[in-house]
Structure formats: structure tokens, C-alpha cells
**Student:** 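Pasting a structure here, questions to come.
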Amino acid sequence: EASRYVNRKYALAVNSGTSALHLSLISLGIKKDDVVLCPSFTFAASANVILYQNATPVFLDVDEETWTIDLFALEKAIKKHKPKAIITVDLYGQMCKYDKIIELCKKYKIYLIEDAAESLGSTYGDIKAGKVGDISIFSFNGNKIITTSSGGMFLTDNKSLYEKAKLISNQAKENKKYYHHKNLGYNYRMSNLLAAIGRGQLSVIDERVQARRNINQRYKETLSGNSHISFLEKNNSFKSNKWLTCIRLKPNKISPELIIKEMDRAGIETRRVWKPMHLQPYYKKYVYVKQSKTDNSKMIFSEGLCLPSGSSLSVKDQDYVIKNLLGIIKKLNK
């Protein structure tokens, strides 16, 4: 059902998006000392799986327009570090600029893994999220647009990659009448019960996506007039699922931490955007490639804030969020 939805030939349900990413690297033969490119501005799982294979991550800055991989930084890193693969991340539902990325991967013979954990239901032109690259993955974690509580999906058009991932995800147990193992395997299977929940969830994906887009539109209509708030600019090439509505706060007296503290007092949960990998203590030693002197990932992190965006958020709840956010900004700027 997932493969039909995104027009992929093969899909494998697993127990997390992280497992799907790890299986992607294993299936593609990524090994010790291979270089894998990855955006810095992402959740840690996108980078962690590279180290699971003892490979070497090289982090890339993002562009301000999409918050996804900066194409100049990407080509710069390809030429200098000769990667074997790239993990792209469709961040907060916004897909990457794949025309150029696919062109570069073909030119330099680089495997492409699309981390679409946050973007089920999004499109880039006529391409659905989860359709791009040698392999793509989804996450069905509890915070995603549809959920199986915990779960993920590995998708590909390559039968041999699919069969290898399927084998490895099931403890590498060979198809014999007894337990026979020729490879190292993992217990990455999705349970039957969670798969049943996933089927029910997938049947309402379009409704969930439309609900998120409606919420995002209402936030834009009511908050865009405030000089201290900005949104990702609309681009007709992209149609995001608006998994989370994120804003940037103009740095002055306002900071995400202050807003979070004040909103929490009103009973409203808001969160920082992802902290870039090159700013994480564990990953500081790895290479980070920027397009210019400006560090977009760091800047967006210092100004970014995630607003309540759940599909079930009522208009009344949205109005409460909007009223409090505008009131707090006004108070902080006195």
C-alpha cells in the first residue's frame, strides 16, 4: 500500500525510520571509511546511522529558502571528499531541490538515500516524497503525520536492494527449513499489530496532510503581518505536507527560549527546531561544508521555533496559540 501511494516498486515495513536508514546503508554496501554526505540541520538519526557502519559523515549547510541541502555546498563537498552516498533530508515536510541533486549523483556516481521521515504526502513538482533516489525511507513515529506508534518504511525500485534489506531486517535468516545465517542480521521487523494500525492510518493520509496545510495557512494569515515573525517563502515547485509549522524570530529582545518559556506558562508546547549536527558535542570533530561564510544552519537554529501543528488542532486552539504568541512578542518588545 505504501509502495503504491508513492509509486515505488518495493516497500518494506520496519520498526523505525532509523532502522530503514540503517538498512539503506547496509544494502548499498556502505562500510568503514566510506564518506557519506548529510545535512547538518537534521535530527540525529540521519547522522547516527552513518557511524553504525563505521563510515565517515561530512555535514552540509542548508539554504535559507528551503532549509534543505545547499546545492553549492553539496557540489563543493562532492568534489573535495569523494562520497559514496548522500542522505538527503526533506525537512519539516519540505522536499529538497532534487533536479540538481539527482543530476550531481548521476554525474559523480553517488548513491542517493532520501530521508523522507517527515515528508509523507509532500511533493516536488510531480514527484512524491519517498519516490526519490536509490532508496527512500519514512518514519511512523508517534509525532509523524501518520503513526504506528513506532515504525518506518524502506522503499526502492531495485529488487536486489529490497531483498537484501528484507533479509537483514529479519536477523539475516535464510529461506531454509532450519535457522541458517550467512550474514549479520538485525531485528528490524515491524510487528503485525503495528502494521495493521499503519494500514488504517495510511487510508487517511490525504486528510491529515490537508489538515496540516490548513493549520499552516491559518498561522500564516494571522502571524505574517508581525515584523518579528517570518515563514518559509512559498515556492510553486514544492508542496509541503506542513508536518510542522516553523517560524523564524527576528533576533532582538526575542529568542526561541524566551518564547518557549512564556508559552509554557500559558499551557502551550512549542519547541526549538533541530540543533545542527556540527554544533552537537558528539559530532563537532567531523567536517562541515558551507556555501559561504554565513552559517545558515546555525542561524536558523538560533531563530527557529516549532508551533503546535497536530492534525487535530482545533481552530479554537489555533486562536489561543496565535493570541498568546502575539501577546508575548508584544510584551518582550516593550
Side-chain angles (χ1 to χ4, degrees), residues 1-27 42-43 45-46 48-49 87-95 113-123 127-159 161-171 173 185-215 239-244 309-313:
E1 289 169 5
S3 64
R4 283 200 301 270
Y5 181 77
V6 298
N7 193 27
R8 279 288 207 186
K9 289 183 180 178
Y10 307 100
L12 175 69
V14 292
N15 60 9
S16 71
T18 306
S19 299
L21 279 174
H22 189 203
L23 287 169
S24 300
L25 294 178
I26 296 171
S27 301
T42 184
F43 178 57
S46 307
N48 289 346
V49 294
I87 297 174
T88 58
V89 179
D90 300 332
L91 202 76
Y92 296 117
Q94 179 82 358
M95 291 181 70
I113 300 167
E114 180 195 9
D115 181 347
E118 303 170 5
S119 63
L120 179 61
S122 300
T123 57
I127 303 171
K128 280 190 174 182
K131 173 61 178 172
V132 183
D134 298 282
I135 298 169
S136 53
I137 73 98
F138 289 130
S139 169
F140 304 130
N141 189 32
N143 63 353
K144 296 302 186 293
I145 203 157
I146 64 169
T147 180
T148 55
S149 176
S150 176
M153 191 75 71
F154 170 107
L155 305 103
T156 184
D157 293 325
N158 185 305
K159 187 177 181 181
L161 292 177
Y162 163 74
E163 289 180 342
K164 185 171 184 180
K166 187 175 181 180
L167 175 70
I168 299 301
S169 72
N170 190 28
Q171 300 285 21
K173 183 167 68 72
Y186 298 86
N187 183 11
Y188 282 168
R189 294 167 297 182
M190 177 182 278
S191 75
N192 294 341
L193 180 62
L194 296 191
I197 293 171
R199 293 187 65 201
Q201 291 270 302
L202 191 58
S203 69
V204 296
I205 178 61
D206 293 334
E207 297 168 33
R208 297 282 177 87
V209 169
Q210 191 55 52
R212 302 282 176 127
R213 287 173 176 162
N214 292 343
I215 291 166
K239 195 167 183 183
S240 170
N241 66 5
K242 304 299 181 185
W243 172 57
L244 288 184
S309 306
S311 303
S312 61
L313 199 68

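Just so you know, these numbers come straight off a predicted model, no measurement behind them. Quick note: residue numbers are just sequence positions, from 1.
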**Student:** Distance check, rounded to the nearest 0.5 Å: Glu163 atom CD versus Asn158 atom CG?
**Tutor:**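 Reported to 0.5 Å precision, the distance equals 9.5 Å.
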
**Student:** Of the non-hydrogen atoms in Leu91 and Thr42, which two are nearest, and what is the gap between them?
**Tutor:**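 Scanning both residues, the minimum pair turns out to be CD1-CA, 4.1 Å.
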
**Student:** Keeping the roles fixed (side chain from Asn15, backbone from Asn187), state whether a donor-acceptor pair exists under 3.5 Å.
**Tutor:**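 Side chain of Asn15 to backbone of Asn187: a pair is present.
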
**Student:** Are Phe43 and Asn48 close enough that some pair of their side-chain heavy atoms sits under 4.5 Å apart?
**Tutor:**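 A side-chain contact under 4.5 Å is absent here.
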
**Student:** Return the minimal non-hydrogen interatomic distance between Ala116 and Gly130, and the atom names on each side.
**Tutor:**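 It is CB-N, 4.0 Å.
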
**Student:** Atom CZ in Arg208, atom OG in Ser203: separation rounded to 0.5 Å?
**Tutor:**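 Here the interatomic distance stands at 8.5 Å.
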
**Student:** Does NZ in Lys128 sit with more than 12 non-hydrogen atoms of other residues, nucleotides or ligands closer than 6.0 Å?
**Tutor:**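 Check passes, neighbour count above 12.
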
**Student:** Using the salt bridge (Lys or Arg N to Asp or Glu O under 4.0 Å) rule, collect all pairs that involve residues 133-157, keeping only residues at least two apart or in two chains.
**Tutor:**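 For residues 133-157, and leaving out neighbouring residues, the salt bridge (Lys or Arg N to Asp or Glu O under 4.0 Å) pairs sorted by first residue read Arg8-Asp157, Lys131-Asp157.
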
**Student:** Report the relative orientation of the aromatic rings in Tyr162 and Tyr10; use parallel for angles under 30°, tilted for 30 to 60°, perpendicular for over 60°.
**Tutor:**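 Rings of Tyr162 and Tyr10: parallel, as their planes differ by under 30°.
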
**Student:** Checking the side chain of Ser309 only, and the main-chain atoms of Leu244 only, is there a donor and an acceptor separated by less than 3.5 Å?
**Tutor:**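 Side chain of Ser309 to backbone of Leu244, a donor-acceptor pair under 3.5 Å: no, none is there.
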
**Student:** Take Arg213 and Val209 through the test side-chain contact (heavy atoms from CB on, under 4.5 Å) and record every step on the way to the result.
**Tutor:** CA-CA 6 Å; Arg213 287 173 176 162; Val209 169; 3.4 Å; yes

**Student:** Atom OG in Ser119, atom CH2 in Trp243: separation rounded to 0.5 Å?
**Tutor:**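 Spacing of OG (Ser119) from CH2 (Trp243) equals 10.0 Å.
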
**Student:** Where is the tightest heavy-atom contact between Ile135 and Ser24, given as atom of each residue plus distance?
**Tutor:**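 The pair with the smallest heavy-atom distance is CG2-OG, 3.1 Å.
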
**Student:** Indicate yes or no: at least one non-hydrogen side-chain atom of Phe138 is less than 4.5 angstrom from one of Val6.
**Tutor:**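 A side-chain contact under 4.5 Å exists here.
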
**Student:** Looking only at heavy atoms, what is the nearest atom pair of Ala11 and Leu155, with distance?
**Tutor:**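 Nearest pair, atom of Ala11 first, then Leu155: CB-CD2, 3.9 Å.
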
**Student:** Just checking, any donor-acceptor pair under 3.5 angstrom between side chains of Gln210 and Asn214?
**Tutor:**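 Yes.
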
**Student:** Determine, stepwise, if the pair Leu23 / Val14 fulfils side-chain contact (heavy atoms from CB on, under 4.5 Å).
**Tutor:** CA-CA 10 Å; Leu23 287 169; Val14 292; 3.8 Å; yes

**Student:** Examine distances only and state if a side-chain atom of Thr147 and a backbone atom of Phe140 form a donor-acceptor pair shorter than 3.5 Å.
**Tutor:**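 Yes: the side chain of Thr147 pairs with the backbone of Phe140.
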
**Student:** Tell me, yes or no, whether the heavy-atom count around Asn192 atom CG, taken from other residues, nucleotides or ligands under 6.0 Å, exceeds 12.
**Tutor:**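 No.
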
**Student:** Just by modelled atom types, is the Leu120 backbone N or O under 3.5 Å from a matching donor or acceptor in the Asn241 side chain?
**Tutor:**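 Side chain of Asn241 to backbone of Leu120, a donor-acceptor pair under 3.5 Å: yes, one is there.
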
**Student:** Find out whether Glu1 and Arg199 are in side-chain contact, i.e. whether some heavy atom of one side chain is under 4.5 Å from a heavy atom of the other.
**Tutor:**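 Counting from C-beta outward, Glu1 and Arg199 do come under 4.5 Å.
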
**Student:** Distance only, no hydrogens: is a donor on one side chain within 3.5 Å (strictly under) of an acceptor on the other, for Arg189 and Ser169?
**Tutor:**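 Judged by distance alone, the side chains do not pair up.
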
**Student:** Does Ala195 offer a backbone N or O that forms a donor-acceptor pair with the side chain of Thr148 under 3.5 Å?
**Tutor:**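 A pair under 3.5 Å: no.
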
**Student:** Do the side chains of Asp90 and Ser122 get nearer than 4.5 Å, heavy atoms only?
**Tutor:**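 Of all side-chain heavy-atom pairs linking Asp90 with Ser122, none is under 4.5 Å.
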
**Student:** Taking atom CG of Leu161 and atom CG of Leu12, what is their separation to the nearest 0.5 Å?
**Tutor:**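 CG of Leu12 is found 12.0 Å from CG of Leu161.
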
**Student:** To the closest 0.5 Å, what do you measure between CG (Leu21) and CD1 (Ile113)?
**Tutor:**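 It is 7.0 Å, given to the nearest 0.5 Å.
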
**Student:** Please report the interatomic distance CG(Asn141) to CD(Glu118), rounded to the nearest 0.5 Å.
**Tutor:**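 CD of Glu118 is found 10.5 Å from CG of Asn141.
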
**Student:** Do Ile87 and Val49 touch side chain to side chain, with heavy atoms closer than 4.5 Å?
**Tutor:**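 The answer is yes, as the side chains (C-beta and beyond) meet within the 4.5 Å cut-off.
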
